[in-house]
Amino acid sequence: MSTHDQPTIPGAPAPEPPSFDEPTTPREPLPPKADQRGPETRTPTGAATDLPAEAVAQQGAHLTTAQGTRLPDTDHSLKAGPRGPVLLQDHHLREKIMHFDHERIPERAVHARGAAAHGVFEANGAAEGVTKAAFLRAGARTKVFVRFSTVLGSRGSADTVRDTRGFATKFYTEEGVYDLVGNNIPVFFIQDAIKFPDVIHAGKPHPDREIPQAQSAHDTFWDFVSLHTEAQHHTIWNMSDRALPRSYRMMQGFGIHTFRLENEAGETSLVKFHWRPTLGTHGLMWEEAQLLAGKDPDFHRRDLADAIEAGAFPQWELALQVMPDTPDETFEGIDLLDPTKIVPEELAPLQVIGTMTLDANPTNYFAETEQVAFHPGHLVPGIDVTNDPLLQGRLFSYLDTQITRLGGPNFAQLPINRPHTDVNDMLRDGMHQTAVHAGVAPYHPNSLDGGCPFHAGADAGAFIEVPARVEESVKERRQPASFDDHFSQARLFYLSLTPVEQQHVADAYAFELGKCFEQTIKERQLAALANIDADLCASVAASLGLPVPDASIEVGEPEPSPALRMVGDQWPIDGRMVGIIADDQTDAAELAAVRTALDEASVVPLVIAPHGGLLGDIPVQRTPDTAASVELDAVLVLAKSDDPRVLRLLDEVYRHAKAIGVADAASSVLERLDADAGEPGVVVGSASAVVREMLGLLAAHRVWERLSEATG
Ligand code: HDD
C-alpha cells in the first residue's frame, strides 16, 4: 500500500508524500534556508492556526515521540497508581529523559562563547588581478555565516571580558566552502602551533580551582607571556581597548597569517586579509566592561542580534594587503611567515575587494552557532596557505577537534556546514551519517558507477596547490633568526596610539599585574615592558610599587602607524543607544519629537522613567531598577530626578566620557554631577537643539577631550 492509500486519522492533516530531499541527496545544492528569511521573525505568540508553519517551534498540531507516534500526555510518568512507583516500561519518559541527558556537546576548547549571524558578501572585482577565486569576481554575491567569539571563557561567560575576539567567516561559494578564521587582533601570541596548548593552558583558569573565568589577569597567563616574549606584541594589543570591543559590529577582523593568492595566469602574491567595519573600530572603557559583565553579560550577543533585527545591518569591507611573492617571503624587512608581525598599512595600503552585510539572525543557536565548524584548510582555488608554522598546525587542529566536539567525521553534513554546491566526496559511513548514498562504487577509479565521479582539472575549477618552492634544507626543530625580534612591533603599536589610548594600556597592565600574586612574574613582565617603552614601564612599575628595570634590548624608534589608532575621525552612528530620562511631567510632544529625531538618525532611543508602562502613549523601556548607564552611548535628560540610581547612571555616563544632553528645564541636574554646561560633550538647550548636537558627538564615539583632561 502506498502512502496515499493509507487510511486517514480523523482530524489529522492529509499526509504528505515522504520527502528525501535532505540529507539523502547530498549532491543537490541546498534550497534557500528558512532561517535566512530575515530579521523580523521573532517567535510569535497566538493561536497555532494563525501562524505560518515555519514560525512555530514544533510544526504540526500533535505532540509525538521521536518515532512519530502521537502522545496523550507528556506531563505525567506512567505509574502503578497515582501514588505508586514509576514503571520501567514508560518508553516516552525514557526517550524524553534520554534525549535531554545528551543535549549538550563539548564546548569548544577555545572560543567557546560566541554569537553569529547570516549575511552576504559582495565582491567588487578588485581582487581579480591577484586571485582566480570565483567569489571574488566583480559582482559575485556569496552567502556567509559569521561567528564572533571570546577566546578564553566558557560558553556561559560574560561577553565584555578583556580578551581577543574571534572573527570567523564561512563563505558558501560556488567552488566550495571557504573559511577565513581570524581574530580582531592582527597578530598572535605564538609563532609555532606546537605551543598552542601551552599558551591556552596558561590563559585558561587555574587548573586547581578553575578560576578566574574568562580573563588573563592571573599568574599563569603572565608567567607564560613574560617567559615567552614572542607573546608580548599580542599581549600589548590585549591591554589596549581593542580587547574590549564596544560591539561586534565595531570590530576589525584580521586573517593574521600571510596567505598565497594565485590568479588565472598562475601568478602568485602574498596577502593579508582585513575586515574593516563601516561603523569604525571602537572600544569600551575598562570600568564599563566590568560593569557590563554583571549588568548584561550578553551585551555583545544582544547588540548584534538587536541591530540585525532592527534592520541596522552591520557591514564590513574586506581588504587585502598585497605583497610580492619573493623567495625570502619578506616585505620591507618584515618576515611574512611570522604571525607575531603586522605589515603597517602605511607600507602596504589596504585594497578593498568587497563588502559583507550581516542581515539575518540565526534561528537556532545550537543548530547554527554551536554546530558551525570552521577550518583554515577550507580553501577554494586561488587562495592557498603559506608555510607560516602557526597556520600549518592549525590545518590539523580544526578538523581534529570536531571529532570530539561534533561526535564524528560527518559534521560537514550538518545544515550550517554544508557547502552550497555539489558534493561528491566518496566519504562513507561513520558516526551520525545522515546521507543515504546510492551506488556500489565509492572508490576511485571505478568502472561500476559509470566511473563517476571524475577528477577535475584546473579548467574545471579544481583546487590545485600552488607549486610553491620548498627550500632545500634539513629536518630540524628550529625557526628563522628573523622570528627572534619580539619587541620592535610591540613598541611600534604603543607609539602609534594617542595619549588616551596609551593611558588605557598602562592602566590595563597595572590592573592585570596587580591581580597577580607572584612578585617574580610581575618583575619579569616589567623587564619585558622596559624593552617596549620606558615611560610605560615606569608608570606600571609605580602602580605596582616595584622598581623600574632597565631595558635589556635596544629596540630603536619604529615609525608610528596612525592606522592603528582608534581615536579620531567621525563614524556612522547606526544602532547607537541613547537613554532619555523622562517622567510624568515631561512634555509628551517634546518626548515624542525627540524619539522620532533619534529614530530617523538610526539611533535607538530608550525611555527611562520612574515607572514602567506608558508616559502618555510612549512606552517606557527602562526604570531606575533596570536601566544601566553602560548600555548607553549617550543620555538625554528631559526631567529632573533626585533618584540616586538615576544620578549614579548620569555620573557613570559622565565618567565614561559619553555625551550628555540636558533640556533647559532639567539643567539643575548638572549641579549634582559636577559637570558644567558648555564643557565638551555637555549640551544644554532646547530638546531639539540638544538632540542635533548629540548626534554629532556620537559620531566620535566618545567625548575624548573629557578623558584627555582627566589623564593630563
Ligand atoms: Fe584557533 C577555534 C582563530 C590559532 C585551534 N580559532 C578558533 C576560532 C577562531 C580561531 C576565530 C573559533 C571558530 C568558531 O567560531 O567556531 N585560532 C584563531 C586564530 C589563530 C588561531 C586567528 C592564529 C592566528 N587555533 C590556533 C592554533 C590552534 C588552534 C595555533 C591549534 C594548534 N582554534 C583551535 C581549535 C578550535 C579553534 C581548538 C576550537 C574549536 C574549533 O577550533 O573548532 O581547533
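Heavy atoms only: backbone and side chains are in, while hydrogens, waters and symmetry mates are out. Everything quoted here is computed from the prediction, not taken from an experiment. Both counts, for ligands and for their atoms, begin at 1 and track the order of listing.
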Report the relative orientation of the aromatic rings in H375 and Y398; use parallel for angles under 30°, tilted for 30 to 60°, perpendicular for over 60°. parallel
May I ask you to check whether F273 and F254 place their ring centers less than 6.0 Å from one another? no
Knowing that exactly one of F145, Y178, F374 qualifies, which makes a ring-ring contact (aromatic ring centres under 6.0 Å, His included) with F171? Y178
When you check the gap from the basic side-chain N to the acidic O, do R113 and D298 get nearer than 4.0 Å? yes
Do E501 and R565 meet the salt-bridge criterion of a basic N to acidic O distance under 4.0 Å? no
Salt-bridge contact D335-K341 (side-chain N to carboxylate O under 4.0 Å): no
Any idea which residues sit under 4.0 Å from ligand 1, heavy-atom distances? R108, V110, H111, R147, G166, F167, V181, G182, N183, F188, A193, F196, I256, H257, F374, L390, R394, S397, Y398, T401, Q402
